[in-house]
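What you see is a predicted model, and the numbers here were worked out from it, not measured in a lab.
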Amino acid sequence: MATKQHCAYCFSVLLAQLQHTTFDVAPTFDTSTEYPLFVTWNKQGSDGQEQLRGCIGNFSPMNLATGLREYAITSAFHDTRFSPIRAREVPQLSCSVSLLTDFEDANGYLDWKVGTHGVWIEFRLRGRRTTATFLPEIAEEQGWSKKETIDHLLRKGGFELPITDDVRSSIKLTRYQSKKQHLSYAEYVEMTSAK
């Protein structure tokens, strides 16, 4: 479902934004479909490991061209965990596009599978509804158990009190799956120069 063309489109959007040029690249993929989606930017560190530079998306189905354009920019420049991406970083970047599918209400906070499901939790914090999510690959990449993943999600969502089994049991968990594609900047250059 997610393709390298989706990732290349995000690179084109990012470069147009960084170069302050008008974005006029026509999508090379079917734009009639709609998906909830996330765009993730990683930067290769000096140790060869990828480091997160931005990851933002949404859970409402969006037209792919519109959603990818919007979240390529938002995740690159407005993820508050990171400074905005700069032009000099682009050669070390990679882009991942995750199209989210198969949403299901879980029967408790442990009703999901590490490496298969993303988890989206809802809980009450200071009297208001709060949410947090991890994409399907996160728990496995971090080596977390289900319980550790939920605890990290609660902290990500701003929960600062001690986390007990009662707290965990009070959350509403939605599990989902993702169709993900990844593209390095070098691969993007190769794809676009071949045209």
Side-chain angles (χ1 to χ4, degrees), residues 1-18 23 25 27-31 33-103 112-120 132-144 149 152-153 156 175-192:
M1 298 225 279
T3 67
K4 291 198 180 283
Q5 286 77 20
H6 295 143
C7 300
Y9 187 73
C10 292
F11 264 115
S12 296
V13 169
L14 174 67
L15 290 169
Q17 189 77 17
L18 287 168
F23 180 73
V25 176
T28 58
F29 50 86
D30 180 6
T31 60
T33 56
E34 295 186 346
Y35 285 96
L37 59 89
F38 274 70
V39 175
T40 303
W41 296 104
N42 286 297
K43 180 180 175 183
Q44 188 170 16
S46 56
D47 61 357
Q49 298 295 313
E50 287 197 332
Q51 301 165 343
L52 184 63
R53 282 295 282 119
C55 179
I56 297 181
N58 82 18
F59 288 94
S60 298
M62 298 185 75
N63 169 279
L64 277 180
T66 303
L68 292 174
R69 187 170 47 250
E70 179 178 337
Y71 286 100
I73 291 170
T74 303
S75 61
F77 301 111
H78 304 293
D79 187 329
T80 58
R81 299 171 293 176
F82 307 99
S83 61
I85 288 175
R86 297 186 180 136
R88 69 174 182 259
E89 295 178 271
V90 171
Q92 288 85 44
L93 291 179
S94 64
C95 178
S96 296
V97 169
S98 300
L99 303 181
L100 310 184
T101 64
D102 304 311
F103 287 83
W112 59 282
K113 184 176 177 186
V114 172
T116 299
H117 296 112
V119 287
W120 178 20
T133 193
F134 284 134
L135 294 172
E137 64 273 9
I138 301 300
E140 187 171 49
E141 287 175 358
Q142 297 300 316
W144 294 335
T149 302
H152 283 285
L153 270 177
K156 181 181 180 183
R175 64 185 181 215
Y176 59 90
Q177 295 182 43
S178 171
K179 309 304 182 202
K180 181 178 177 182
Q181 191 58 251
H182 180 269
L183 185 74
S184 69
Y185 179 70
E187 291 172 309
Y188 167 75
V189 169
E190 187 176 315
M191 281 177 71
T192 55

With distance as the sole test, does [X] use its side chain to make a donor-acceptor pair with the main-chain N or O of [Y] at under 3.5 Å?
X    : Y    : result
E187 : S184 : yes
N42  : C95  : no
S12  : A8   : yes

So do the side chains of [X] and [Y] get within less than 4.5 Å of each other, counting heavy atoms only?
X    : Y    : result
T40  : I56  : no
W41  : F11  : yes
C7   : H182 : no
L99  : H6   : yes
E34  : M62  : no
V97  : F38  : no
W112 : V114 : yes
W144 : H152 : yes

* To do: Would you please classify the geometry between the F59 ring and the W120 ring as parallel, tilted or perpendicular, with 30° and 60° separating the classes?
  =>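 Geometry flag for F59 against W120: parallel rings.
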* Asked: With no hydrogens and no angle check, do the side chains of T116 and Q177 hold a donor and an acceptor under 3.5 Å apart?
  ->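 No.
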* To do: Answer with yes or no whether the side chains of T133 and Y176 bring together a donor and an acceptor at under 3.5 Å.
  =>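 Note: Y176 and T133 side chains meet the donor-acceptor criterion.
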* Hey, is R53 close enough to E89 for a salt bridge, meaning N to O under 4.0 Å? ->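 Between E89 and R53 there is a salt bridge, with a charged N closer than 4.0 Å to a carboxylate O.
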* Asked: Residues two or more places apart in sequence or in another chain: which of them pass salt bridge (Lys or Arg N to Asp or Glu O under 4.0 Å) with R88?
  ->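 Partners of R88 under the salt bridge (Lys or Arg N to Asp or Glu O under 4.0 Å) test: none.
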